[in-house]
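To start, the structure itself, in structure tokens.
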Amino acid sequence: MRALIQRVLEAKVVVDGQTTGEIEKGLLVFLGLGKEDNLEKGQKLIDKILKYRVFDDEQGKMGWNVSQANGGILLVSQFTLMAQTQKGLRPDFGPAMPPNDAKALYEQLVEYTQQQFQNVQTGIFAADMKVHLVNDGPVTFQLEIE
């Protein structure tokens with residue numbers, strides 16, 4: 001399971017011209033689910049994301065998590081994060097979880113995130129999403145749970 005997190009000043013997801021999720025300051029989280037992933041791994045990753053200190057504290061250092069920074073979470077499924085890219089010139093999506101399983105797990109993780117954190121927005125699973133963001137920094141990290 002992989003997450004690409006970006007500290008943003010604002011971010012939104014648009015599907016068919018309609019905004020489906022939007023936050024101001026916070027974290028844009030792209031979530032990739034692999035064949036071996038499960039709810040327990042996902043909960044560990046979400047917990048890590050919520051506690052991960054990437055926002056400036058009073059001293060201007062990355063000492064605050066998204067809650068301490070009064071930010072939001074925009075959670076977007078992105079199977080392409082699971083691609084194997086070491087060989088060749090075309091990504092191999094074999095490690096990605098099959099769509100039906102991934103949708104069910106993604107929905108469970110959205111629900112879990114909403115239970116843990118108040119300001120959670122989402123994209124739409126498997127939709128053709130247009131993601132708009134203003135990266136703050138830029139600050140981007142890849143987190144993994146195996």
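What you see is a predicted model, and the numbers here were worked out from it, not measured in a lab. The chain is numbered in sequence order, starting from 1.
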Counting only pairs under 3.5 Å, give me each side-chain donor-acceptor contact of residues 83-99, with atom names and distances, residues two or more places apart or in other chains.
| from | atom 1 | to | atom 2 | distance (Å) |
| --- | --- | --- | --- | --- |
| Asp92 | OD1 | Gly94 | N | 2.8 |

Out of curiosity, Gln43 CD to Ile145 CD1, how far, rounded to the nearest 0.5 Å?
11.5 Å
Minimum heavy-atom separation for Leu109 and Ile46, please, with both atom names.
CD2-CG1, 4.4 Å
Could you list all the ring-ring contact (aromatic ring centres under 6.0 Å, His included) pairs where at least one residue sits in residues 125-146, not counting sequence neighbours?
Tyr52-Phe141, Tyr106-Phe125
Should we say atom CD of Glu58 is surrounded by more than 12 heavy atoms from elsewhere, each under 6.0 Å from it?
yes
For Val15 and Ala127 the tightest heavy-atom approach is CG1-CB, 4.0 Å
Asp101: which residues meet the side-chain hydrogen bond (donor to acceptor under 3.5 Å, both in side chains) condition with it, sequence neighbours left out?
none
Would you say Phe30 and Val131 make side-chain contact, with heavy atoms under 4.5 Å?
yes
Could you check Glu22 against Thr19 for side-chain contact (heavy atoms from CB on, under 4.5 Å), going step by step and ending with a plain yes or no?
CA-CA 7 Å; Glu22 184 172 16; Thr19 299; 3.9 Å; yes
Should Leu33 and Leu45 be regarded as members of a common hydrophobic cluster, given that ILVMFWY residues are connected when their side-chain heavy atoms come within less than 4.5 Å of each other, either directly or indirectly?
yes
Sequence neighbours excluded, the answer for ring-ring contact (aromatic ring centres under 6.0 Å, His included) partners of Phe117 is none
With sequence neighbours left out, which residue pairs that include part of residues 129-143 fulfil the salt bridge (charged side-chain N to carboxylate O under 4.0 Å, His left out) condition?
Arg7-Asp136, Asp128-Lys130
Please confirm whether the backbone N or O of Val139 pairs with a side-chain atom of Asn135, one donor and one acceptor, at under 3.5 Å?
yes
State, to 0.1 Å, how close Ala3 and Val29 come at their nearest heavy-atom pair, and which atoms those are.
CB-CG1, 4.2 Å
If you define the side chain from C-beta out and look only at heavy atoms, does anything of Ile5 sit under 4.5 Å from Thr140?
no
Would you list the pairs meeting salt bridge (charged side-chain N to carboxylate O under 4.0 Å, His left out) in which at least one residue belongs to residues 61-77, sequence neighbours left out?
none
According to a 4.5 Å side-chain heavy-atom criterion applied to Ile, Leu, Val, Met, Phe, Trp and Tyr, with indirect links allowed, do Ile23 and Ile124 form part of one hydrophobic cluster?
yes
dist Thr122:OG1 -> Glu111:CD (nearest 0.5 Å) comes out at 12.5 Å
Restricting to pairs with a member in residues 25-52, which pass salt bridge (charged side-chain N to carboxylate O under 4.0 Å, His left out), not counting sequence neighbours?
Asp37-Lys41, Glu40-Lys44
N/O donor-acceptor pairs under 3.5 Å from side chains in residues 62-78, not counting sequence neighbours:
| from | atom 1 | to | atom 2 | distance (Å) |
| --- | --- | --- | --- | --- |
| Asn65 | OD1 | Ser67 | N | 2.9 |
| Asn65 | OD1 | Gln68 | N | 2.9 |
| Gln68 | OE1 | Asn65 | N | 2.8 |
| Gln78 | NE2 | Thr80 | OG1 | 2.9 |

Check Gly123 against Thr20 and note the closest heavy-atom contact, atom names and distance.
CA-OG1, 3.7 Å
Can you tell me how far NZ of Lys12 sits from CD of Glu24, rounded to the nearest 0.5 angstrom?
12.0 Å
Distance col, row Glu144:CD vs Leu4:CG, nearest 0.5 angstrom, shows 11.0 Å
Do any pairs count as a ring-ring contact (aromatic ring centres under 6.0 Å, His included) and have a residue in residues 2-23, sequence neighbours left out, and if so which ones?
none
When clusters are formed from ILVMFWY side-chain contacts under 4.5 Å, directly or step by step, what else is grouped with Leu9?
Val134
CG of Leu27 to CG of Asn119: how many Å apart, nearest 0.5 Å?
11.0 Å
For a quick test of reading the model, state the closest non-hydrogen atom pair linking Asp57 to Gln59 and the distance between them.
OD1-N, 2.9 Å
Across all chains, not counting sequence neighbours, the side-chain hydrogen bond (donor to acceptor under 3.5 Å, both in side chains) partners of Gln108 are none
Would you kindly confirm whether Val120 and Val14 end up in one hydrophobic cluster when ILVMFWY residues are joined by side chain heavy atoms under 4.5 Å apart?
no
Pairs meeting criterion salt bridge (charged side-chain N to carboxylate O under 4.0 Å, His left out) with involvement of residues 75-84, two or more places apart:
none
Please examine the side chains of Val110 and Glu107, heavy atoms only from C-beta on, and report whether any two atoms are closer than 4.5 Å.
no
Could you tell me the separation between the CG atom of Leu28 and the CD atom of Gln6, rounded to the nearest 0.5 Å?
5.5 Å
